[in-house]
Amino acid sequence: MSGSDASPITQPFLGIEIQLAGSVLVPRAETELLGETAIRLVKELDGPLEVIDMCCGSGNLALAIAHHLPNAKVQACDLTEDCIATTEENARLLGLHDRVSTLRGDLFSALPHAGSGEEADLIVCNPPYISSGRLENESAHLLENEPRAAFDGGPYGISILQRLVRDAAAHLKEGGWLAFEFGEGQHKQALHLLKRAKCYADIQLIDNNDGVPRVAIARKGHGQ
């Protein structure tokens, strides 16, 4: 999307229809793998579910999770006004505004302080993970219609992933799950970050249909 005054377009995502307007990331097929995995992790849990969608973009993950898990309340967080506004509008259109709320801020700064009693059963995140250099060269075409903030993961593409893995545990319940997407070829870095944190167990990588690892999951607990 190229501007906040552009007419919205509609795109399907995991059984719901998402409107895209303003400077928001267009959901990709690989993010459906993240959504399916996240839903699977917590769908058998009894009672109310607390979920955080970090870097929510259009709200596609937050709203799909709320749609498929009627016992879930989701906090959708992002840095930009366009993303928050688009998520709120999609929640209204889908009738999910009572269970999906939005918070604006830089990653976990948007949330109440850790230890507030609002820790989550699940944190899901599709972060920016393309290196700044690639966005200046072979991946520059991505910036023609979508915002740089949705893609730019710093010099090596893992700057946001580093912060996510480091800070997520403080906002998870004991035994809660972290699930995130990463770029093709970044699986070793994702594993290293999770193991180095020493506060995650049951660390796994999930392959897409082509056998390429694209999603990582880990449970808050004694590190491996």
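Everything quoted here is computed from the prediction, not taken from an experiment.
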Asker: So do Leu107 and Asp167 actually touch side chain to side chain, heavy atoms under 4.5 Å?
Answerer: no
Asker: How far does CG of Asp207 sit from CG of Asn209, to the nearest 0.5 angstrom?
Answerer: 10.0 Å
Asker: Would you mind reporting whether Ile160 and Arg163 have side-chain heavy atoms less than 4.5 Å apart?
Answerer: yes
Asker: With side chain to side chain contact (heavy atoms under 4.5 Å, CB included) as the test, would you mind laying out the steps for Val215 and Ile217 before giving the verdict?
Answerer: CA-CA 7 Å; Val215 168; Ile217 62 173; 4.3 Å; yes
Asker: When you check the side-chain N and O atoms of Thr102 and Glu88, is any donor under 3.5 Å from an acceptor?
Answerer: yes
Asker: With side chain to side chain contact (heavy atoms under 4.5 Å, CB included) as the criterion, how do Leu172 and Leu122 come out once you've worked through the C-alpha distance, each side chain's angles and the decisive distance to 0.1 Å?
Answerer: CA-CA 7 Å; Leu172 282 169; Leu122 169 70; 5.8 Å; no
Asker: Apply side chain to side chain contact (heavy atoms under 4.5 Å, CB included) to the pair Leu93 and Gln19, showing each step before the final yes or no.
Answerer: CA-CA 9 Å; Leu93 292 171; Gln19 280 200 2; 3.6 Å; yes
Asker: Is any side-chain heavy atom of Leu14 less than 4.5 Å from a side-chain heavy atom of Glu36?
Answerer: yes
Asker: Test side chain to side chain contact (heavy atoms under 4.5 Å, CB included) on Ile52 and Leu111 and set out the steps.
Answerer: CA-CA 9 Å; Ile52 297 167; Leu111 296 169; 3.7 Å; yes
Asker: Using only atom types and a distance under 3.5 Å, with no angle test, would you say the side chain of Asn71 pairs donor to acceptor with the backbone of Leu49?
Answerer: no
Asker: Taking salt bridge (Lys or Arg N to Asp or Glu O under 4.0 Å) as the criterion, tell me which of Arg219, Lys43, Lys173 meets it with Asp121.
Answerer: Lys173
Asker: Quick one: does Asp78's side chain have a donor or acceptor within less than 3.5 Å of a partner on Ile84's backbone?
Answerer: no
Asker: Rounded to the nearest 0.5 Å, what separation is found between the CG atom of Leu194 and the CG atom of Leu164?
Answerer: 8.5 Å
Asker: Give the minimum heavy-atom separation between Val74 and Ile65, together with the two atoms involved.
Answerer: CG2-CG2, 4.3 Å
Asker: So that I can tick it off, tell me whether Arg104 and Glu81 are bridged by a salt bridge, with the cut-off set at under 4.0 angstrom between side-chain N and carboxylate O.
Answerer: yes
Asker: Working to the nearest 0.5 Å, report the span between CG of Leu79 and CG of Leu103.
Answerer: 13.0 Å
Asker: Distance-only, no hydrogens or angles: does the Asp210 side chain make a donor-acceptor pair with backbone N or O of Val212 under 3.5 Å?
Answerer: no
Asker: Does Asp98 come within less than 4.0 Å of Arg92, counting only side-chain N to carboxylate O?
Answerer: no
Asker: Donor-acceptor check, side chain of Arg99 to backbone of Ala72, threshold 3.5 angstrom: yes or no?
Answerer: yes
Asker: Any donor and acceptor pair, going by atom type alone, linking the side chain of Ser109 with main-chain N or O of Asp106 inside 3.5 Å?
Answerer: yes
Asker: If I compare all heavy atoms of Leu161 with all of Gln186, which pair ends up nearest, and what's the gap?
Answerer: CD1-OE1, 4.0 Å
Asker: Once you round to the nearest 0.5 Å, how far does SG of Cys125 lie from CG of Leu61?
Answerer: 9.0 Å
Asker: Between Asp202 and Ala218 (side chain of the first, backbone of the second, donor and acceptor by atom type, cut-off under 3.5 Å), is there such a pair?
Answerer: no
Asker: Kindly give the heavy-atom pair with the smallest separation between Leu41 and Ala179, and that separation in Å.
Answerer: CD1-CB, 4.3 Å
Asker: Will you find, in the side chains of Glu181 and Thr31, an N or O donor that is under 3.5 Å from an N or O acceptor?
Answerer: yes
Asker: Within the 4.5 Å heavy-atom criterion, are His171 and Ile123 side-chain neighbours or not?
Answerer: yes
Asker: Test your reading of the model: is there a side-chain donor-acceptor pair from Tyr200 to the backbone of Ala169, 3.5 Å cut-off?
Answerer: yes
Asker: Glu17 and Leu94: which non-hydrogen atoms are nearest, and at how many Å?
Answerer: O-CD2, 3.9 Å
Asker: What distance do Ile16 atom CD1 and Gln11 atom CD have between them, rounded to the nearest 0.5 Å?
Answerer: 11.0 Å
Asker: Out of curiosity, Leu178 CG to Ile203 CD1, how far, rounded to the nearest 0.5 Å?
Answerer: 10.0 Å
Asker: Quick one: closest heavy-atom pair of Ile39 and Ala64, and the distance?
Answerer: CD1-O, 4.2 Å
Asker: Just so I know, are the side chains of Val165 and Phe180 near enough to count as touching, which here means a heavy-atom distance under 4.5 Å?
Answerer: yes
Asker: Taking side chain as C-beta onward, heavy atoms only, is Thr87 less than 4.5 Å from Cys56?
Answerer: yes
Asker: Is the closest side-chain heavy-atom distance between His67 and Leu96 below 4.5 Å?
Answerer: yes
Asker: Among side-chain atoms of Ser58 and Asn60, is any donor-acceptor pair under 3.5 angstrom?
Answerer: yes
Asker: Mind checking what makes side-chain contact (heavy atoms from CB on, under 4.5 Å) contact with Leu205, not counting sequence neighbours?
Answerer: Phe182, His187, Leu191, Pro213, Ala216
Asker: Show the nearest heavy-atom pair for residues Ala76 and Val100, with the distance to one decimal.
Answerer: CB-CG1, 4.5 Å
